[in-house]
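Structure, as structure tokens:
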Amino acid sequence: MATSISELHQAHAHILKSGLIHSTFAASRLIASVSTNSHAQAIPYAHSIFSRIPNPNSYMWNTIIRAYANSPTPEAALTIFHQMLLASALPDKYTFTFALKSCGSFSGVEEGRQIHGHVLKTGLGDDLFIQNTLIHLYASCGCIEDARHLLDRMLERDVVSWNALLSAYAEKGLMELACQLFDEMTERNVESWNFMISGYVGVGLLEEARRVFAETPVKNVVSWNAMITGYAHAGRFSEVLVLFEDMQHAGVKPDNCTLVSVLSACAHVGALSQGEWVHAYIDKNGISIDGFVATALVDMYSKCGSIEKALEVFNSCLRKDISTWNSIISGLSTHGSGQHALQIFSEMLVEGFIPNEVTFVCVLSACSRAGLLDEGREMFNLMVHVHGIQPTIEHYGCMVDLLGRVGLLEEAEELVQKMPQKEASVVWESLLGACRNHGNVELAERVAQKLLELSPQESSSFVQLSNMYASIGRWKDVMEVRQKMRAQGVRKDPGCSMIEVDGTVYEFLAGEGLVSGKDFT
DNA sequence: TTAGGGTTAG
């Protein structure tokens, strides 16, 4: 449903004014339509309406429990479920289904077992929907015997019963079990095939996934998406674009999920005209630009060099989410507009969006690239002390970069020492680069020593150190480092890059010239 | 009602 939250506010106001809030039907409809709205505030809003209704009926209880079961905080569904029992309202088969679904979502087997007991006492133990949900709950929590036992003892099974188990296997990457079950299944539908595809994709067996995909008798958009996102996650972007073409030839209409993956692939290979084609497709087919699509479009335009178009998409989008903001901040940052990135960040706070870890990676990286020292420190403090976000390696990395860039090398070194050292090598490396830029040989040697302890097989620290010696003419040290590298069997992989020219994507290996060119027009 | 495919980060 595309209804905006403000339209729902209006509907609510109308219902209050006209006294309709006392009508069970109107109130139910309102709660139901609010709780299926995708806006982040929709569920708390539906909940607040719900809590003002004196004697909610089961339908209302169920609606609110379902809303929480499908939300990012599924535990809340159980709180409501318990309130329902305390209020002496009678749970029905729907209530149990939603409550059990929520247990599955947060891996609450113990809670699930209690509800299962309750189901049996209520005499609903043979309900198909409840049993299917129980199978999925047990299987996804790793209680495979319980799940299998339920499935085997069901009086009437349907394809969802099999899929409930199959999907849990696939989700957990238990592909041998999934295969056995798939062969054993007495009925399959397109979803069964899709679970097999996404299961193989999830464990990185793309060729297996491709084989199942080829055998899938009737493919739907999810089948294609599973395969396309598989290639996208594996970084095989040119194959994403080829598959997208095949999909259109097969007459399957892409949806938001498809387009997001395809745009992401365009962004990675710099395929601007392909990306523009997707954008035009979205407009022409009236596909709604939700937060995901907007994020992917903004990212595609900024990675393909068109920050103006990225800003245009961003500004005209009405359904931004936190990722959309992150993506424009990151885009502005890579385009060297650090101040603009920070300005957008403040606007984001004013509009009431809560920044996450990624936001601060983008923001800190913008400060670092632009050399905004005071702002960077301020943002780091804001993140830790106001937003309570524990800094990760990426955040430390940006700060070390920033401090290193402006020449505060000792302060940067102190910061790296505060990090969990297991993860610190990338950051030490960045500090090593800063030492090189500022010609601080003494610190560089200390850092390189640290790096060789942490990851002796990593070529980049050797390379950086040798480059550094080379830049100040210490050729004997250069030779020594190179010899040590050879002695330890460390080799440097060549870099690779891709570029689109007139609709053809070319791939280059460093030092090797053109490897391949593919035509996408 | 139950099983499912998506973006942003040196």
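Each chain gets a letter, A, B and so on, in the order its sequence line appears, and its residues count up from 1.
For B:dG4, its base never sits under 3.5 Å from the side chain of A:Asn189 at any donor and acceptor pair. Counting distance only, with no hydrogens placed and no angle test, the side-chain atoms of A:Thr133 and the base atoms of B:dT2 include no donor-acceptor pair under 3.5 Å. Below the 3.5 angstrom threshold, one finds a donor paired with an acceptor across the side chain of A:Asp401 and the base of B:dG10.
Nucleic acid contact class of A:Arg405 (heavy atoms, under 4.0 Å, all strands): base. The residue A:Asp321 sits apart from the nucleic acid: no heavy atom pair falls under 4.0 Å. Across all strands shown, A:Asp92 has no heavy atoms under 4.0 Å from either base or sugar-phosphate atoms. Heavy atoms of A:Asp290 sit under 4.0 angstrom from at least one base atom. Contact annotation for A:His395: no contact, since no heavy-atom pair falls under 4.0 Å across all strands. Using a 4.0 Å heavy-atom distance criterion, A:Asp299 is classed as a sugar-phosphate-only contact. Residue-level contact check: A:Glu171 touches the backbone only, with heavy atoms under 4.0 Å from sugar-phosphate atoms and none from bases. Across all strands, A:Ser323 comes closer than 4.0 Å to base atoms (heavy-atom distances). Looking at heavy-atom distances under 4.0 Å, A:Lys320 makes no contact with the nucleic acid at all. Using a 4.0 Å heavy-atom cutoff across all strands shown, A:Ser264 reaches sugar-phosphate atoms only and no base atom.
Here the two rings, on A:Tyr138 and A:His149, have centers that are 6.0 Å apart or farther. Two rings, from A:Trp224 and A:Phe244, have their centers 6.0 Å or more apart.
A cation-pi arrangement is found for A:Arg188 relative to A:Trp193, the charged atom lying closer than 6.0 Å to the ring centre and inside a 45° cone about the ring normal. For the pair A:Lys219 and A:Phe213, the distance from NZ or CZ to the six-membered ring centre is under 6.0 Å and the angle to the ring normal is within 45 degrees.
Protein atom NZ of A:Lys101 is 11 Å distant from nucleotide atom P of B:dT1, rounded to whole Å. One interatomic measurement links the two molecules: CG of A:Asn225 to C1' of B:dG6, which rounds to 8 Å at whole-angstrom precision.
A sub-4.0 Å separation between OP1 or OP2 of B:dG4 and a side-chain N or O of A:Ser198 is absent. At least one side-chain nitrogen or oxygen of A:Ser365 sits closer than 4.0 Å to the OP1 or OP2 atom of B:dG10. Remark: A:Thr229 is in phosphate contact with B:dG6, judged by side-chain N or O atoms under 4.0 Å from OP1 or OP2. Listed pair A:Lys93 / B:dT2 fails the phosphate criterion, with no side-chain N or O lying under 4.0 Å from OP1 or OP2.
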Item to check | Verdict with supporting geometry, A:Arg211 and A:Glu215, salt bridge (Lys or Arg N to Asp or Glu O under 4.0 Å) | outcome: CA-CA 6 Å; A:Arg211 186 184 53 77; A:Glu215 285 173 22; 3.3 Å; yes
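The A:Val160 side chain lies nearest to B:dA3 when the options are B:dT1, B:dA3, B:dT8.
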